[in-house]
2 protein chains.
Amino acid sequence: MKNNNWIEEVIEALSDVVEYRTLAKGETLLAIGDVCNYVGRVDQGIMRMYYSNESNQDISFSFYLPGDVFTNYEGLLKEQVSTMEIQAMTAVRVTLLPKKELFALYESSFHWQKIGRLMSDAMFLHAKERIDFLLFLTPEQRYRYLMREQPQIIQLLSQKDIASYLGIQPQSLSRIKKRLALTN
Amino acid sequence: MKNNNWIEEVIEALSDVVEYRTLAKGETLLAIGDVCNYVGRVDQGIMRMYYSNESNQDISFSFYLPGDVFTNYEGLLKEQVSTMEIQAMTAVRVTLLPKKELFALYESSFHWQKIGRLMSDAMFLHAKERIDFLLFLTPEQRYRYLMREQPQIIQLLSQKDIASYLGIQPQSLSRIKKRLALTN
DNA sequence: CGTTTCATTGAACCGGATCAATTCTAGTGG
DNA sequence: CCACTAGAATTGATCCGGTTCAATGAAACG
């Protein structure tokens, strides 16, 4: 999720409780069944949040590039165990804001309450984008959109991971690429 | 969108600028290209918000039953012209909160700022539900889910409208129903 | 009534899913 | 440096379910 620098302000305000972590490629930050108790910001590397199916055909909800804010916001709000995993796609460095202190900050003043609303608005807009992406575009259109709007994703990640973001199987992505190559 | 009674409190606070409207079945409250400048609450009847395609194959984002809160929140936040329409499915009575006064109320105190955050959180959770619905369920599963969770919708609305919520064509819904009837 | 919209049904089509086999690639250890 | 291995990517064949186009039947409404 993109942010408008309010995250910097929050990190500074919570500087004494902020946690910095480095993760190796493939390492899981939040597993299914855990309760998500932080909001994170990517400093270096790429993270992803995804739904994990029984087989290994998982569906990526979103990727997060440096500067992006990530959290299982639904789990945070509902105090539910997570239905999603958050994982490092590359070697990663992240800044983590503990939920307890973050929400306490919100309660401490009008200003911070407003920051909280802005964060929630940003979460909503991000989710809304994902809806439109899935609802209106065919798999092929999604891939073209991704090539146009987020070429870094395509360059840096495997076919398998890209397919999981498009909501299709790797084989189908392979065929889509072939189709597009022919019609150019 | 379901609410936790914060909407009552807001309506009361804004009672001198609240607008009540009655709409006939089929009437449009917000057209594409309009700027959405209110948050509404359904008093009686059913509303829906939907994306309108060139042909009349539109996609319903959501239906709203009495008590539900509706708004093109994305358009409200981004001050964009709407890409969705909001329409009365039946004879309807709604309460409308003008955006200007609502947002001014948010700025007036810590308490109202917090109410604003809760509203934003609710918008997010609603959008998230819709994502999961579309991402994980096949059209047939979506129909079954709807039968189980929101039977009122199925009873009260036409096949055409239900299909638009499921993200499929009316013909396909017809066949799904037939299939389910056979296997019972 | 008659007209219009909705719902159903049939036939052909299409694209993604699935199962399976093969190739390609990167990383590992001898 | 090469051989081996495991995972990723490609390709083929087949299947399945939703789409599309078209026709018919049913219901709603003036």
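- For the pair A:R21 and A:L29, the minimum side-chain heavy-atom distance is below 4.5 Å.
- Cluster annotation: B:Y64 is connected to B:L146 through the hydrophobic network of ILVMFWY side chains, with a link wherever side-chain heavy atoms come within less than 4.5 Å.
- A salt bridge does not link A:K78 to B:E129: none of the charged side-chain nitrogens sits closer than 4.0 Å to a carboxylate oxygen.
- Between A:L156 and A:I46, the shortest heavy-atom distance links the atoms CD1-CD1, 3.5 Å.
- Atom CD in A:Q169 sits about 14 Å away from atom C1' in D:dA8, given to the nearest Å.
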Which protein N or O atoms sit under 3.5 Å from an N or O of nucleotides 24-26 of chain C?
none

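- Residue A:R179 has a polar side-chain atom (N or O) positioned under 4.0 Å from OP1 or OP2 of C:dG16.
- Rounded to a whole Å, the CD1 atom of B:I168 is 12 Å from the P atom of C:dA7.
- By the 6.0 Å and 45° rule, A:R130 stacks over the aromatic ring of A:Y165.
- Distance A:I59 CD1 to C:dA17 P: 10 Å, rounded to the nearest Å.
- C:dA7 atom P lies 11 Å from atom CG of B:L157, rounded to whole Å.
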Give each protein N/O atom lying under 3.5 Å from an N/O atom of nucleotides 8-14 of chain C, with the pair distance.
residue, atom, partner, partner atom, Å
C:dT8, OP2, B:Q159, NE2, 2.9
C:dT8, OP2, B:S174, OG, 3.1
C:dT8, O5', B:S174, OG, 3.2
C:dG10, N7, B:R175, NH2, 2.4
C:dG10, O6, B:R175, NH2, 3.2
C:dA11, N6, B:R175, NH2, 3.3

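- What separates OH of A:Y143 from C1' of C:dG15 is a distance of 17 Å, to the nearest Å.
- The distance between atom CG of A:L166 and atom P of D:dA9, rounded to the nearest whole Å, is 13 Å.
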Can you give each donor-acceptor pair under 3.5 Å made by side-chain atoms of residues 119-128 of chain A, sequence neighbours left out, with the distance rounded to 0.1 Å?
residue, atom, partner, partner atom, Å
A:S120, OG, B:S120, OG, 2.9
A:S120, OG, B:D121, N, 3.2
A:S120, OG, B:D121, OD1, 2.6
A:D121, OD1, B:Y73, OH, 2.7
A:D121, OD1, B:S120, OG, 2.6
A:H126, NE2, A:S62, OG, 3.1
A:K128, NZ, A:D132, OD1, 3.3
A:K128, NZ, A:D132, OD2, 3.1
A:K128, NZ, B:Y51, OH, 3.0
A:K128, NZ, B:E74, OE1, 2.7

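- One hydrophobic cluster, built from ILVMFWY side chains closer than 4.5 Å, cannot hold both B:W112 and B:F110; they sit in different ones.
- In this structure, B:I176 places its CD1 atom 13 Å from C1' of D:dC16, rounding to the nearest Å.
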Trace of the side-chain contact (heavy atoms from CB on, under 4.5 Å) decision for A:Q113 with B:H111: CA-CA 9 Å; A:Q113 191 62 250; B:H111 175 70; over 6 Å; no

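- In this structure, B:G45 and B:T90 approach most closely via the heavy-atom pair CA-OG1, 3.2 Å.
- Between the P atom of D:dG17 and the CD atom of B:Q141 lies a distance of 11 Å, rounded to the nearest Å.
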